[in-house]
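Everything numeric here is computed off the predicted structure, so don't read it as measured data. Heavy-atom basis, side chains included; hydrogens, waters and symmetry copies ignored.
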Amino acid sequence: MLYTINKSPLMFGNLKSVLRVAPTGDPILLYEDGVYAAVKGAASEDLLAAAVADHPLYALKADLDARGLVSLADGVQVIDYDGFVELVEQHQVVPWL
Amino acid sequence: MLYTINKSPLMFGNLKSVLRVAPTGDPILLYEDGVYAAVKGAASEDLLAAAVADHPLYALKADLDARGLVSLADGVQVIDYDGFVELVEQHQVVPWL
Amino acid sequence: MGETVAVLMRKAPYGSVYTAEGFRSMMGIGVFEMDVSVVFVDDGVYALVKGQDPAGLDMKPLGDAFPVLADFGVTKFYVHDDSLTERGLTPDDLVMDVEIVDGAGAAQVLESAGLVLPF
Amino acid sequence: MGETVAVLMRKAPYGSVYTAEGFRSMMGIGVFEMDVSVVFVDDGVYALVKGQDPAGLDMKPLGDAFPVLADFGVTKFYVHDDSLTERGLTPDDLVMDVEIVDGAGAAQVLESAGLVLPF
Amino acid sequence: MKMGVLVLEGPYQHEAADSAYHFVRAALARGHEITGIFLYTDGVNNANGYIKPPGERNIGQRFSELGAEGIPVVACTACARFRGFRRDMVSENVSLSGLGALSEYLRESDRFVTFGD
Amino acid sequence: MKMGVLVLEGPYQHEAADSAYHFVRAALARGHEITGIFLYTDGVNNANGYIKPPGERNIGQRFSELGAEGIPVVACTACARFRGFRRDMVSENVSLSGLGALSEYLRESDRFVTFGD
């Protein structure tokens, strides 16, 4: 299934928590404030690396651009809304709000 | 000043973050979902103990009762809305929303 | 396609309307004879804590209402073990009998249902 | 009594309206000639990151607007050092010059102002 | 594919309504059918026909336009009563209904996506 | 003392409006003067006179009652336009105004408390 995260990683436990449930191999999408987890050099980078080790990890371009985030951690795949829909074609969705 | 926390401690970083700013001796009030930090035996208890070590710590009775929280960690002082107002008489307020 | 649905409860009650409306959606969907599973993870487990008394907030208690869902055909309740434990709670602290699952078990319930409604 | 006020910015922009309305409140209060200090802590520091382009969301950029506040008499900006550092940011990443303060410094600004508006 | 959408937050306060709209537009562009958009809790406020944001995107109008294109856009009746949102405020091509509509969209959908906070 | 209050969330979705109401009632009971209650962002929805929650506390009516007791209760005009909240929906003893009202309450208050999310 596709797990989606819309909260920032340093003030919300959502990304940390989803890793306890999402099975290895299931994709994770960062969107809205969730995209802050995709940046390089933040204190959340270890968490992101743990996510990338076990899951295909995507971040939504429109939300990255809005927030001025250009320097992304290794393993993050940037997709647009068309890509979001494509992931939903391939997977059922678990919004981890 | 009176720092007020309305978010739960295991899913939100608010309590952890306020401890980096609130000066020693300034009181902290837990209300709304913030009162979950006041319970005994939760994984947030160390954080609560750190708060209690440096700050008078209060939890709002109406919010504790609503959530069925009866077993509270040491050092938590339970107050009602009258007590909330009394704290505001004594201190300016920093809502750490 | 979707005759089965999982309601995923991850938020604490009273602080926001999510718990109450998650509950109401289960009644609403259950009454239309869909096969509903309910999974409590993270702060969502607080919804089931015994002894909730929001009279001081002029609100209605939520916890005690959950067992009533059986009347609407909603009978499958799963609680995530670590979420419970890290909150200092045990199954005895909850208003009803539930099945305790680990992370993989919770994921399995969501996957079996297919469609997921998060609250 | 309150001729001075501190606006406390703790939330990330775009995900909620808080940043935008915190900004608007500063203009509104500044124009009424109150003495406004602005403190950025936690995700609030993201409000000042350079290069924000929300065109894809059909929204207006927020970051570049902050320097305009000087025209409304709002000129005192403080950024919490640890909040910046743990986000992998340096002062060079921000849209304007600000004063970097530690936790105690941030608390001092809030205390000096007395009244605090949180966004 | 058939996709249903649930929106749990109102306009402007959170990004949820925007995200839902962009997702629906992208899904339509890829040829999918939207079985329905259910506006629940504060989400009902996206159905308000009087939204007039000076110089900004009109989120209310966006959902009305999706309705005009034949997509069922339905706001929860009970939630509307709690929020003082009356039937005469509902924007064109949007309607009020109960949780039966949500059940119907779930039943008809291959995928279901919720946007909230 | 003179105390001002700011509300940043609407009715029912979050506890903020409830907390603000209980705080104001307790402050009045202790003999304080409320300089004003400013309803900002989604907080404006608390000023809706058509709120009709079946069998539940009426949050809209509560703010209207505080207004009837002489406390200035003001909802932000611009926020209202963004939310389709029209002047004819405003409950009795509540009014719409700009950020000048917020500035005034700040200026007049010894204490200021914000409720939001």
Selection from B:S71, B:G41, B:A66 maximising heavy-atom pairs under 4.5 Å formed with chain C: B:A66
Set of residues satisfying salt bridge (Lys or Arg N to Asp or Glu O under 4.0 Å) with respect to B:D82, sequence neighbours excluded: F:R30
B:R67 vs C:Y14 side-chain heavy atoms within contact, under 4.5 Å: yes
Any side-chain heavy-atom pair of B:L10 and C:R87 under 4.5 Å: yes
Closest heavy-atom pair and its distance - C:V49, B:G68: CG1-O, 4.0 Å
Minimal non-hydrogen separation, B:A62 against C:L57, with atom names: CB-CD2, 3.7 Å
Contact listing (chain B partner; residues 65-72 of chain C; heavy atom under 4.5 Å): none
Contact winner vs chain B - C:M59, C:K11, C:K50, C:E86, heavy-atom pairs under 4.5 Å: C:E86
C:K76, NZ: over 12 other non-hydrogen atoms inside 6.0 angstrom: yes
B:E89 CD: over 12 foreign heavy atoms closer than 6.0 Å: yes
Spacing of CD belonging to C:Q52 relative to CG belonging to B:L69, to within rounding of 0.5 Å: 8.5 Å
Distance in Å, B:M11 CE paired with C:D42 CG, rounded so as to fall on 0.5 Å steps: 4.0 Å
